[in-house]
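All values below were derived from every heavy atom in this structure, side-chain atoms included, with hydrogens, water molecules and symmetry-related copies excluded. Throughout, a chain's letter reflects where its sequence line sits, starting with A, and its residues are numbered from 1. As the structure is a prediction and not an experimental result, all values here were calculated from the model.
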Amino acid sequence: MLSNSIVLNPLFAGLNTEQQIAVSKTDGPVMVIAGAGSGKTRVLTYRIAYLLQLGVDAFHILALTFTNKAAREMKNRIGELVGFREARNVWMGTFHSVFARILRAEADKLGFPSNFTIYDTDDAKNLIKTIVKELNLDPKIYQASLILGRISDAKNNLISPAGYNQNEETISDDKKAGKPSLGLIYTIYQKRLTQAAAMDFDDLLFKTNVLLHNFPDVLYKYQQKFKFILVDEYQDTNYSQYLIVKRLAATNENICVVGDDAQSIYAFRGANIKNILNFQKDYPDAQIVKLEQNYRSTQIIVNAANSLIHNNKDQIFKTVWTANESGELIQLIKASSDLEEGRLIAQQIFEDKMNRQAKNTDFAILYRTNAQSRSLEEALRKLNIPYRIFGGLSFYKRKEIKDILAYFRLTINPKDNEAFNRIINFPARGIGKTTLELITTEAARLEKGYWDILCDLPQNNLGINAGTQKKIREFVIMIQSFQSEIEILNAYDLGSKIARASGLISNLQSDKTPEGISKYENIEALLNGMMEFVAKENNEIQDEESLKNLTAFMQDIALLTDADEKEDEKIEKVSLMTIHQAKGLEFPYVSIVGLEENLFPSIQSIGSRADLEEERRLFYVALTRAEKKVVMSYAESRFRWGNLTFSEPSRFLEEIEEKYLASSNIKKTYSGSASNPNPYKPKTSTRFSSPQTRTSIQDNESTAPKYTKIQSKDSEITNRPNLNFVGASIEELKEKMLVEHQRFGKGEIIKIEGIGSNKTAFVLFDEIGEKQLLLRFAKLRIVK
DNA sequence: TCCGATCTATTTTTT
DNA sequence: ATAGATCGGA
């Protein structure tokens, strides 16, 4: 069993026997089936720390995680255990980021430049739309998102365009579905990606497989390099990922996978639960370790989750149990509408916070779809509870950011047609639709990139008139001037130059709407990020020499995900996110909202048992995020697609054994509070709790529920009627005043600077921290 | 070429 | 509901 040296090793002191085995069995294949809350992350970090302690070179360890954030956190914890010098050298990251790095190093073998572009989902969809158009196919039948899904499926199962077109089954499936051209689209799509020196997300895995398959010397090299491989969230790997791992681990077989079949929630994007179920077949001598003790949650929560998941047929025998206290029953809230649901949940959080001295950060609200966040946000705002939404449109998905990034992309890789499309006439420079069509047609004919056609224009003007030709020439010269400076300027210097020279900055500066200002600020934020990037000490594994240039910056941010966005400031906030995003996280108090048929389980899943079971696992994941208390809610009616729809409680609610549910009579009449509209005067933000103001807002909203209200045409602000944002006159504003901004919420003026039209206020906002506002733009309402 | 009016997809989850 | 795309007229 365990040797003495292990028992006496302080690293093992805090681990139970099973965990100790999982950490210490460093030779040969190991699969850890880790129930929810059973210390999975702990095992992974300790295992790596132990390897380092044994003298394994950090460069020989590869750890694949589900998010970059998970990798970062793990690295930190390992650093704390065995020192950061070593920890930083471990290869740790998502499949996509780790293998993107390897692909860049080996790109020439695949016929790609090392600075290839990574197309995101939008780029990929746009490319598909272009192809569908070119083929004169009906875009309603050949919907970009559906086609991309199909292509993605193929790639995740390592089916190339050729393979796709040879497969009788797919061909006849597509024909039956009325989409016989799918194979052709896939073929062209892939050709265009190569021409654009671009890879989509799935290519990063697909091409890695090609690389490891076609180049035995490369495979050998990485097999020697990665002597120890660890994979987190193994239940959510797809076939393509599975095969990469299998190939890399083939010689040493020092592979440790950690996962929980009960938490597999990504089958919709190709994750294959069989990878975990078949591990023993691939490695007959594998050691299987089961972690079944839950350290996270109360008995009520663990047992309730167990009672739910037992309704699934496909699962690995496992009993999750806990020695924790029994805890509180699960609370179930019934609301009449989504708006009321929001109010009741917010109110419940408010009470729990008061009664238990809990912090905002102790609370999470989890939902099935992002669209559900609206009503919750509104309700939280009214109770002055700060919150943070994860997901939604992330920083890098905003238009203005994508615009400037497109300039960066075209500068780095002029073959990047999607970047080209985005910026060729933005800001408007008189290169219109007609001209563009000439260019794209010619590009398709010659199988060249759009940029190349522009560069050829002096020889072949395609009948473009002289004026437009001049404009094109100016554009070309501008981009070329950026290109010539990639190796000379650092990322920040070149980035700010591009922001100005492209006209993006002046374009936004002329936009005086709040949206325009916030866009301008976002560009500023991006440039600040670039400055940080340049200033930051190089703690990546890349060679010290690697420049902090634009190329490096783009590679740094290409695969960032929502979960990686920097956490802002010090204000403690309630977390709002989808259950998918909550994977791997834990909170003392968790609310799971929208437990209605057709929403959760989602309507798409109801038809098939496999899909339904995935939804159930999703609910299982949600429940097991909670440490102390779970609140569940559903609404009898809800706005969806702008329509009021009626709904039934989710079938999952019946599947939780009743004894774990509080027998609350469910309908807490919120209307009862009418006599006392604001019974819970928030203590948290006494600064702004001028009750008159708030209650007046509340009264307004609660007496006139949204859906009965006739929306006026100038809707922009109708969400918040009676908040008169005409803008206080500049002279009225003084330091220390409490003000409210339409977008940023309430805040205090810290100081006022400047004169005349340049007068600027520094406002510390409750929710988003300090902002500088040019008073001639900012519409502020004086609160006090 | 530009602007406003109208149409349309979106809402399941994401690297 | 709403943002983005598309269309049509000036």
Side-chain angles (χ1 to χ4, degrees), chain A residues 64-71 93-100 118-122 124-126 129 133 139-140 143-146 148-149 152 155-156 199-205 233 236-238 240-241 264-271 366-375 390-394 396-399 425 427-436 467-468 471 515 558-564 577-583 594 598-606 611 614-615 617-619 621-622 638-645 706-707 711 713 715-716 718-719:
Chain A
L64 297 164
T65 59
F66 196 73
T67 62
N68 290 308
K69 191 181 172 201
T94 60
F95 273 87
H96 291 84
S97 64
V98 164
F99 295 112
I118 297 172
Y119 272 10
D120 68 13
T121 309
D122 285 339
K125 278 189 203 161
N126 286 335
K129 278 182 202 159
K133 212 181 213 170
K140 277 178 197 139
Q143 236 180 56
S145 51
L146 293 180
L148 187 61
S152 177
K155 286 188 182 175
N156 287 333
M199 298 192 194
D200 66 16
F201 287 140
D202 303 313
D203 279 341
L204 296 175
L205 307 174
E233 309 281 9
D236 283 326
T237 52
N238 60 36
S240 187
Q241 292 167 318
S264 159
I265 53 175
Y266 281 93
F268 73 91
R269 84 174 195 220
L366 308 182
Y367 35 78
R368 180 66 180 82
T369 69
N370 278 310
Q372 288 167 256
S373 70
R374 278 282 159 88
S375 50
F390 293 70
L393 73 150
S394 80
Y396 291 102
K397 280 183 193 139
R398 294 176 193 174
K399 180 184 180 310
N425 200 30
R429 51 173 67 84
I431 304 173
K433 217 166 76 182
T434 326
T435 312
L436 210 52
T468 310
K471 289 170 188 157
E515 288 75 18
L559 292 165
L560 285 189
T561 60
D562 295 340
D564 300 321
M577 64 185 89
T578 65
I579 301 167
H580 283 88
Q581 287 164 332
K583 173 171 159 154
N598 298 339
L599 179 61
F600 194 11
S602 88
I603 194 159
Q604 288 88 341
S605 72
I606 283 173
D611 289 349
E614 176 148 316
E615 294 284 306
R617 290 193 296 270
L618 195 56
F619 190 25
V621 168
R638 173 179 300 278
F639 272 96
R640 300 234 256 167
W641 302 280
N643 288 318
L644 189 63
T645 58
K706 240 225 206 92
Y707 47 89
Q711 300 261 338
K713 192 81 202 312
S715 59
E716 171 84 325
T718 46
N719 282 346

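One finds no side-chain N or O of A:Q581 lying less than 4.0 angstrom from the OP1 or OP2 phosphate oxygen of B:dT13. Taking only side-chain nitrogens and oxygens, A:S602 never comes nearer than 4.0 Å to OP1 or OP2 of B:dT13.
At least one donor-acceptor pair under 3.5 Å links the side chain of A:D236 to the backbone N or O of A:I265. Proximity of a side-chain donor or acceptor of A:N425 to a complementary backbone N or O of A:G430 within less than 3.5 Å is detected.
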So which protein N/O to nucleotides 1-11 of chain B N/O distances come out below 3.5 Å?
unit_1	atom_1	unit_2	atom_2	d
B:dT1	OP1	A:G430	O	3.0

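Here the NZ atom belonging to A:K155 is positioned 8.0 Å from the CG atom belonging to A:L148, to the nearest 0.5 angstrom.
With centroids closer than 5.5 Å and planes inclined by less than 30 degrees as the test, A:F268 and the base of B:dT13 pass as a stacked pair.
Along DNA chain C, the nucleotide nearest to A:R374 and the one nearest to A:K129 differ in position, and the one closer to the 5' end is contacted by A:R374. Nucleotides of DNA chain B nearest to A:F66 and A:I603 differ in position, and the one nearer the 5' end is that of A:I603.
A:T369 pairs by the side-chain contact (heavy atoms from CB on, under 4.5 Å) definition with A:A371, A:Q372, A:L599, not counting sequence neighbours. Taking the side-chain hydrogen bond (donor to acceptor under 3.5 Å, both in side chains) definition, one finds that A:D122 meets it with A:K402, sequence neighbours left out.
Note on ring orientation: taking the six-membered ring where Trp is involved, the planes of A:F268 and A:H580 are perpendicular (angle over 60°, cut-offs 30° and 60°).
If you check every strand for non-hydrogen atoms under 4.0 Å, A:Q372 touches nothing. Residue contacts for A:Y266: at a heavy-atom cut-off of 4.0 Å it reaches the sugar-phosphate backbone alone, with no base atom in range.
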